[in-house]
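Note that the coordinates shown come from a computational prediction; the quantities given were computed from them, not determined experimentally. Below, read A as the first sequence line, B as the second, and so on, with proteins coming before strands; counting in each chain starts at 1.
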There are 2 protein chains.
Amino acid sequence: MAATGVEAAFRMLEGRWKMVIIFHLFDRAVLRFSELERAIPGVSQKMLIQQLRDLERDGIVERVVYPQVPPKVEYRLTPWGQAMCPALDALLEWAAHRPPPKAGPAPCAD
Amino acid sequence: MAATGVEAAFRMLEGRWKMVIIFHLFDRAVLRFSELERAIPGVSQKMLIQQLRDLERDGIVERVVYPQVPPKVEYRLTPWGQAMCPALDALLEWAAHRPPPKAGPAPCAD
DNA sequence: CGGGATCCAGGACGATACTG
DNA sequence: CAGTATCGTCCTGGATCCCG
């Protein structure tokens, strides 16, 4: 199995806010910086920008700048970014099947 | 979309060595501590133990201790841990479809 | 409005030595 | 062999201030 490929993919998605950003972009498709900032309470501008840059550099999100007097920047998922939906879905499915962490004491194993 | 579920799943798999460990356990099924240590060059015992504990606490790997004079501990994936194979596969598939980061200058967009 | 720069705290990671 | 304890380093994430 190609561990390296999955590892690389994981490294891209690691980061405190990347998933949140991605899910917001799955939901709304196109969002401005300030909209993301408002949609994600608790994130600092620095982190938002940083994670956004990472995602952009990795080809997951796309950044569109409108050269206007009040600056306007839009963020959206690239086609490849959208393509990770089934992978996220599979992961979600897996997470949903998590068995309870066996709280009760084993009745037969002393 | 349930961002929280995927986020939680991701947090479990974050960590410099967890993926490596998991893939080794996918490959060999059962491994002793020293075998993992040898199979993963560059990892310190501390990190190996730490990541192993995390994976164990999250119900992904199982730890079997043999009460012998030379201590013997085996690690293997739990059924749930093995169940994440399709998710990893989907992620790998997604990673494989990554388009090249557009190196050439756009010929039509000046 | 969007984003860069700087400073700072905390946790992840790593090397080493020691124990049962 | 398997694991713990301690220490140090680096990187991540956060607050604040500054710029076009």
Side-chain angles (χ1 to χ4, degrees), chain A residues 3-4 7-25 28-58 60-77, chain B residues 3-4 7-25 28-58 60-77:
Chain A
T4 53
E7 258 198 288
F10 252 88
R11 307 290 295 212
M12 287 181 189
L13 301 175
E14 269 178 34
R16 180 73 181 80
W17 306 101
K18 290 190 184 168
M19 282 308 212
V20 195
I21 293 172
I22 288 171
F23 274 94
H24 275 284
L25 287 176
R28 292 277 318 254
V30 178
L31 286 171
R32 299 184 52 176
F33 185 86
S34 52
E35 288 179 316
L36 276 170
E37 202 175 349
R38 245 175 297 114
I40 308 176
V43 71
S44 63
Q45 291 103 336
K46 173 191 171 182
M47 288 317 299
L48 186 53
I49 258 300
Q50 182 177 299
Q51 311 268 301
L52 241 16
R53 296 282 185 200
D54 281 358
L55 290 171
E56 185 192 2
R57 203 192 45 223
D58 291 333
I60 295 172
V61 305
E62 194 177 1
R63 181 162 160 271
V64 183
V65 184
Y66 295 85
Q68 300 177 353
V69 178
K72 175 179 171 183
V73 181
E74 288 182 348
Y75 294 91
R76 68 194 67 192
L77 290 174
Chain B
T4 54
E7 259 197 287
F10 253 87
R11 307 289 296 211
M12 287 181 189
L13 301 175
E14 271 178 32
R16 180 71 183 80
W17 305 102
K18 290 190 184 169
M19 282 309 212
V20 195
I21 294 172
I22 288 171
F23 274 94
H24 275 283
L25 288 177
R28 292 276 320 255
V30 178
L31 286 170
R32 299 183 53 174
F33 185 85
S34 53
E35 289 178 315
L36 276 170
E37 202 175 349
R38 245 176 296 114
I40 308 176
V43 72
S44 61
Q45 289 109 332
K46 174 192 170 183
M47 287 318 297
L48 188 52
I49 257 299
Q50 183 177 299
Q51 312 267 303
L52 241 16
R53 298 280 185 202
D54 281 358
L55 290 171
E56 186 193 1
R57 205 192 42 223
D58 290 334
I60 294 171
V61 305
E62 194 176 359
R63 182 162 159 271
V64 183
V65 183
Y66 295 86
Q68 301 176 354
V69 177
K72 176 179 173 184
V73 180
E74 288 181 348
Y75 293 91
R76 70 195 65 194
L77 290 174

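Note: OH (A:Y66) to C1' (C:dG3) measures 18 Å, nearest angstrom. Rounded to whole Å, atom P of D:dG3 lies 15 Å from atom CD of B:Q51. Rounded to whole Å, the distance from CG on B:D54 to P on D:dG3 is 14 Å. Rounded to an integer number of Å, the gap from CG of B:L36 to C1' of D:dG3 is 14 Å. Across the protein-nucleic acid pair, B:E37 atom CD and C:dT16 atom P stand 13 Å apart, rounded to whole Å. Taking atom CD of A:E35 as the reference point, atom P of C:dG3 lies 13 Å away to the nearest angstrom. Put simply, CZ on A:R63 is 12 Å from C1' on C:dG4, counting in whole angstrom units. The nearest whole Å value for the distance from the CD1 atom in B:I49 to the C1' atom in D:dC1 is 11 Å.
Of the listed nucleotides (D:dG3, C:dG14, C:dG3), C:dG3 has the atom at the smallest distance from the side chain of A:F33. Distances from the side chain of A:R53 to the nucleotides D:dG13, C:dG2, C:dG3 place C:dG3 closest. For B:P71, taking side-chain heavy atoms from C-beta onward, the closest of the listed nucleotides C:dG3, D:dC1, D:dG3 is D:dC1. Out of D:dC7, D:dG3, C:dC1, the shortest distance to the side chain of A:R32 is found at C:dC1. The side chain of B:R16 sits closest to C:dG14 out of C:dG14, C:dG3, D:dG13. Side-chain atoms of A:S34 lie closest to C:dG2 of the nucleotides D:dA15, C:dG4, C:dG2.
For B:R38, no side-chain nitrogen or oxygen approaches OP1 or OP2 of D:dC1 to under 4.0 Å. An OP1 or OP2 oxygen of D:dG3 is reached within less than 4.0 angstrom by a side-chain nitrogen or oxygen of B:Y75. Dashed line: the shortest gap from a side-chain N or O of A:Q45 to OP1 or OP2 of D:dT16 is not under 4.0 Å. In terms of phosphate contacts, B:W17 brings a side-chain nitrogen or oxygen within less than 4.0 Å of OP1 or OP2 of C:dG14.
Without hydrogens or angle criteria, A:K18 side chain to A:M12 main chain gives a donor-acceptor distance under 3.5 Å. Of the possible donor and acceptor atoms, one in the side chain of B:Q51 sits under 3.5 Å from a partner among the backbone N and O of B:W17. With hydrogens and angles ignored, the 3.5 Å screen pairs no side-chain donor or acceptor of B:E74 with any backbone N or O of B:R32.
Between A:R11 and the options B:M19, B:E14, B:R16, a side chain to side chain contact (heavy atoms under 4.5 Å, CB included) holds for only B:R16.
Proximity of B:V30 to B:L25: side-chain heavy atoms (C-beta onward) are nowhere separated by under 4.5 Å.
Judged by closest nucleotide on DNA chain D, A:Q50 is the one of A:Q50 and A:V69 placed further toward the 5' end. The residue among B:V65 and B:K46 whose nearest nucleotide of DNA chain D lies closer to the 5′ end is B:V65.
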